[in-house]
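Worksheet for the structure shown next.
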Amino acid sequence: MSVGTTEADHFYLDRQGQKELINILRSVSALMAGLDAAIYCQERFSEGGPRTGKVERSYPLPFNPAASAAATALHQELASWVQFVCEPRGIWYWPEGCTHAANFVGPLREHEKRAPSHFSPPSTLELAAWLDRNVVALALTPGGEESLRAIRHRVRSSWAVLTPPRDRSARPLDDEKREEARKSQVNASAAARMAKLMGRRVDEDGNDIENYLTLTKRRIFHLCEVGAVKPIRHTTIRGKESPVFVFGQLLDAHLAHPTLESA
């Protein structure tokens with residue numbers, strides 16, 4: 001038996017590890033939805049943010065400005081493991097059900113199929129799905145035992161970008177960053193988190209001048225339902241349609257309609 005393989009099946013990555021890896025790969029769909037929302041729907045108005053890998057500093061931002069880098073790193077990690085499986089076997093990645101390149105010359109067997117002529121490099125989701133389908137081949141390849149640790153680390157690091165630890169001592173946004181934040185395009189969850197950074201101002205008698213701490217997700221949908229604010233578009237996050245707002249318009253509607261129920 002080769003060093004590094006399990007005694008029962010000669011796997012380099014045992015069956016329990018394969019199951020864990022499959023679960024991680026199947027979480028990539030939700031992870032990429034979050035990263036896409038961070039990349040395309042949020043403005044970058046902080047001085048910094050949580051980093052991929054070990055988080056050394058944290059900021060209470062709804063999304064990490066490093067989302068684009070995290071998505072790229074995840075894609076490269078998965079692509080490297082697809083290549084790791086394919087190269088020893090003299091094959092390469094094809095869309096599901098395809099076995100040959102579009103320009104392959106020669107007759108095909110009954111179970112074989114050419115890739116579409118417009119076939120482009122696979123997306124991150126397609127790479128994850130390919131590894132899911134071919135996890136046994138990965139587990140049987142020498143060195144495959146490292147895949148679980150590497151992919152798990154990269155996925156966890158990417159989730160850390162979207163869910164940074166709380167920092168209760170964080171300073172409120174200064175005027176320049178507040179103005180930049182107002183231009184952000186955000187969904188309700190992100191807006192509610194950002195509103196906490198905007199804080200509260202009171203007059204000499206303790207009456208509210210501005211109080212954005214009560215601009216919660218429920219409050220935002222209430223403002224939307226009564227027509228006080230309208231989404232500028234909709235996006236899909238984790239399979240669900242989510243309205244996207246201009247953050248400044250939410251702030252203004254919140255202050256302009258104080259009689260509406262806030263929660």
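Note that the CD atom of Q18 and the CG atom of N23 stand 12.0 Å from one another [nearest 0.5 Å]. The CD1 atom of I220 lies 12.0 Å from the CD atom of E225; values are rounded to the nearest 0.5 Å. Expressed to the nearest 0.5 Å, how far CD of E210 lies from NE2 of H254 amounts to 10.0 Å. Here CZ of R178 is found 9.5 Å from CG of L197. Values are rounded to the nearest 0.5 Å. Annotation: the span from H153 atom NE2 to S158 atom OG amounts to 9.0 Å, rounded to 0.5 Å. Summarising the geometry, atom CD belonging to E146 is positioned 10.0 Å from atom CG belonging to L13; distances are rounded to the nearest 0.5 Å.
At least one side-chain heavy atom of F247 sits under 4.5 Å from a side-chain heavy atom of M194. Residues D252 and R182 meet the side-chain proximity criterion, which asks for heavy atoms closer than 4.5 Å. By the 4.5 Å heavy-atom criterion applied to side chains, C86 and Q83 are not counted as neighbours. Residues Y212 and L251 have side chains in contact (heavy-atom distance under 4.5 Å, counting atoms from C-beta outward). You'll find the side chain of C224 stays beyond 4.5 Å of the side chain of P243, heavy atoms only. H75 places a side-chain heavy atom less than 4.5 Å from the side chain of L127.
Checked by atom type and distance alone, the side chain of R219 never pairs as donor or acceptor with a backbone atom of T214 at under 3.5 Å. The closest donor-acceptor contact from the side chain of S123 to the backbone of E126 lies under 3.5 Å.
Here the closest non-hydrogen pair linking L25 and A128 is O-CB, 3.9 Å. Residues S29 and L125 come closest through the heavy atom pair CA-CD2, 3.4 Å. Listed here is the closest heavy atom pair of S147 and L21: OG-CD2, 3.8 Å. Contact record, F84 with P142: CZ-O, 3.0 Å, taken as the closest heavy-atom pair. Closest non-hydrogen pair, A191 versus V186, comes out as CB-CG2, 3.6 Å. Shown here for A150 and W81, the closest heavy-atom pair between the two residues is CB-NE1, 3.9 Å.
A salt bridge between E20 and R15 is absent, with no side-chain N of the basic residue lying under 4.0 Å from a carboxylate O of the acidic one.
Taking the side-chain contact (heavy atoms from CB on, under 4.5 Å) definition, one finds that A256 meets it with nothing, sequence neighbours left out. A search for side-chain hydrogen bond (donor to acceptor under 3.5 Å, both in side chains) contacts involving D132 returns R26, not counting sequence neighbours. Remark: V85 pairs with R89, W130, A137, L138 by the side-chain contact (heavy atoms from CB on, under 4.5 Å) rule, at least two apart or across chains. Q76 meets the side-chain hydrogen bond (donor to acceptor under 3.5 Å, both in side chains) test with no other residue; sequence neighbours excluded. Evaluation of the side-chain contact (heavy atoms from CB on, under 4.5 Å) rule for A129 yields R133 as partners, not counting sequence neighbours. The side-chain contact (heavy atoms from CB on, under 4.5 Å) check on V155 picks up I24, S27, V28, L31, L74, I151, W159, with sequence neighbours excluded.
Grouping the Ile, Leu, Val, Met, Phe, Trp and Tyr side chains by contacts below 4.5 angstrom, directly or via other members, places L250 apart from F221.
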Quiz item: How far apart are the C-alpha atoms of V246 and K183, what are their side-chain angles, what is the distance that settles it, and do they pass the side chain to side chain contact (heavy atoms under 4.5 Å, CB included) test?
Solution: CA-CA 6 Å; V246 174; K183 302 174 185 177; 6.0 Å; no
